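These notes are about the structure you will find just below.
This is a predicted model, so every value here is computed, not measured. Here, residue 1 is the first one in the sequence, and each next residue gets the next number.
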Amino acid sequence: MTLGLINANPVVHAKKERIVRAEDNHAADAVDSLDVFDSVRDIRDPEHPYSLEQLSVLSEESITVDKKLGRIQITFTPTVQHCSMATVIGLCLRVKLLQSFPLHFKVDINVSPGSHADEESVNKQLNDKERVAAALENPSLRQLVDECLCSSEL
């Protein structure tokens with residue numbers, strides 16, 4: 001947690017009800033936007049005790065899956081334009097996807113166009129393998145990511 005909150009009073013939304021699927025209608029190896037959303041929706045915001053879904057940082061509509069190209073794309077919207085936690089949120093999303101889905105999927109994570117003051121820099125950081133690897137080698141940053149992911153499993 002940071003000492004001074006960037007967004008001291010975020011708008012908190014109700015969580016959507018989870019959709020239960022019949023086993024025979026959804027193949028185990030098929031991945032769609034609902035699968036991806038279900039895996040990331042409960043990630044805790046790094047600054048607040050709420051999930052990314054509750055803060056409307058992401059939604060099922062902000063996720064696309066292209067099975068033919070093997071690509072998962074997530075576009076998220078920080079709660080404020082100058083959010084310094086945007087890269088941490090993106091790292092959390094990337095780590096959770098790497099843990100949850102086959103490695104053959106290419107993952108693209110971006111902030112929504114116009115939603116962050118430093119949009120280009122954040123997007124570049126989140127989609128550069130070397131920068132992501134270096135960030136996750138930082139013990140403090142890795143601990144923060146792990147805390148956000150652990151709270152999503154409760």
Side-chain angles (χ1 to χ4, degrees), residues 1-13 15-16 29-153:
M1 290 276 197
T2 57
L3 294 175
L5 295 177
I6 296 163
N7 184 1
N9 297 307
V11 176
V12 180
H13 303 272
K15 291 176 108 177
K16 289 183 179 179
D29 61 343
V31 175
D32 63 18
S33 59
L34 181 58
D35 294 321
V36 175
F37 180 64
D38 278 342
S39 75
V40 297
R41 69 191 294 182
D42 294 323
I43 294 173
R44 183 183 57 80
D45 181 82
E47 234 188 356
H48 298 287
Y50 303 110
S51 70
L52 298 182
E53 177 188 19
Q54 287 174 297
L55 295 174
S56 289
V57 170
L58 60 87
S59 66
E60 185 181 348
E61 294 77 24
S62 66
I63 298 168
T64 56
V65 176
D66 186 328
K67 295 173 194 137
K68 289 180 182 175
L69 294 176
R71 173 171 280 173
I72 297 172
Q73 184 168 12
I74 296 182
T75 304
F76 70 96
T77 306
T79 58
V80 292
Q81 276 205 321
H82 53 279
C83 178
S84 65
M85 294 292 170
T87 52
V88 175
I89 292 169
L91 282 173
C92 291
L93 290 167
R94 183 169 297 283
V95 169
K96 185 66 176 181
L97 292 176
L98 289 172
Q99 293 172 350
S100 303
F101 296 101
L103 294 176
H104 71 270
F105 278 101
K106 179 178 181 341
V107 176
D108 292 319
I109 299 173
N110 295 291
V111 293
S112 300
S115 69
H116 196 278
D118 205 6
E119 176 184 336
E120 188 177 327
S121 175
V122 171
N123 289 341
K124 186 174 181 178
Q125 236 179 321
L126 293 176
N127 292 296
D128 183 315
K129 288 180 184 179
E130 291 177 7
R131 289 181 186 201
V132 168
L136 292 173
E137 287 177 6
N138 178 320
S140 302
L141 192 51
R142 183 61 198 225
Q143 181 180 358
L144 180 57
V145 167
D146 290 343
E147 287 171 4
C148 292
L149 297 180
C150 285
S151 62
S152 74
E153 297 167 1

Identify the two heavy atoms, one from [X] and one from [Y], that lie closest to each other, and give their separation to 0.1 Å.
X	Y	value
V132	R94	CG1-CD, 3.7 Å
L91	L126	N-CD2, 3.8 Å
D35	F101	O-CZ, 3.7 Å
P46	M85	CB-SD, 3.9 Å
S33	I63	CB-O, 3.4 Å

Would you mind reporting whether [Y] and [X] have side-chain heavy atoms less than 4.5 Å apart?
X	Y	value
I89	P78	no
L58	L93	yes
L141	L136	no

From V145, V36, L149, D42, residue fulfilling side chain to side chain contact (heavy atoms under 4.5 Å, CB included) relative to K96 =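 Only match with K96 under side chain to side chain contact (heavy atoms under 4.5 Å, CB included): L149.
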
request  = Output, in order, the C-alpha distance, side-chain angles, deciding distance and verdict of side chain to side chain contact (heavy atoms under 4.5 Å, CB included) for L34 and D38.
outcome  = CA-CA 6 Å; L34 181 58; D38 278 342; 4.0 Å; yes

ask   = What do the steps show when you test V95 against R142 for side chain to side chain contact (heavy atoms under 4.5 Å, CB included), and what is the final call?
value = CA-CA 10 Å; V95 169; R142 183 61 198 225; 4.1 Å; yes

Could you tell me whether a side-chain N or O of [X] sits under 3.5 Å from a main-chain N or O of [Y], the two making a donor and an acceptor?
X	Y	value
S51	R44	no
T87	V122	no
N138	A135	no

Just how far is it from atom [atom1] of [X] to atom [atom2] of [Y], taken to the nearest 0.5 Å?
X	Y	atom1	atom2	answer
F105	D66	CZ	CG	9.5 Å
C92	F76	SG	CZ	9.5 Å
S100	I72	OG	CD1	9.0 Å
I43	R41	CD1	CZ	12.0 Å

request  = Applying side chain to side chain contact (heavy atoms under 4.5 Å, CB included), run through V40 and L52 and close with a yes or a no.
outcome  = CA-CA 8 Å; V40 297; L52 298 182; 5.9 Å; no

key: Pairs involving residues 115-125, ordered by first then second residue, that meet side-chain hydrogen bond (donor to acceptor under 3.5 Å, both in side chains) (sequence neighbours left out)   =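 Listed once each, the pairs would be none.
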
task = For the residue pair E61 and S59, confirm or rule out a side-chain donor-acceptor distance under 3.5 Å.
result =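 S59 and E61 do have a side-chain donor-acceptor pair below 3.5 Å.
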
inquiry  = For a side chain to side chain contact (heavy atoms under 4.5 Å, CB included) check, start with the C-alpha distance between L97 and I74, then their side-chain angles and the critical distance, and finish with the verdict.
reply    = CA-CA 10 Å; L97 292 176; I74 296 182; 3.6 Å; yes

key: salt bridge (charged side-chain N to carboxylate O under 4.0 Å, His left out) pairs, two or more places apart, involving residues 101-117   =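 Qualifying pairs, neighbours excluded: R71-D108, K106-D108.
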
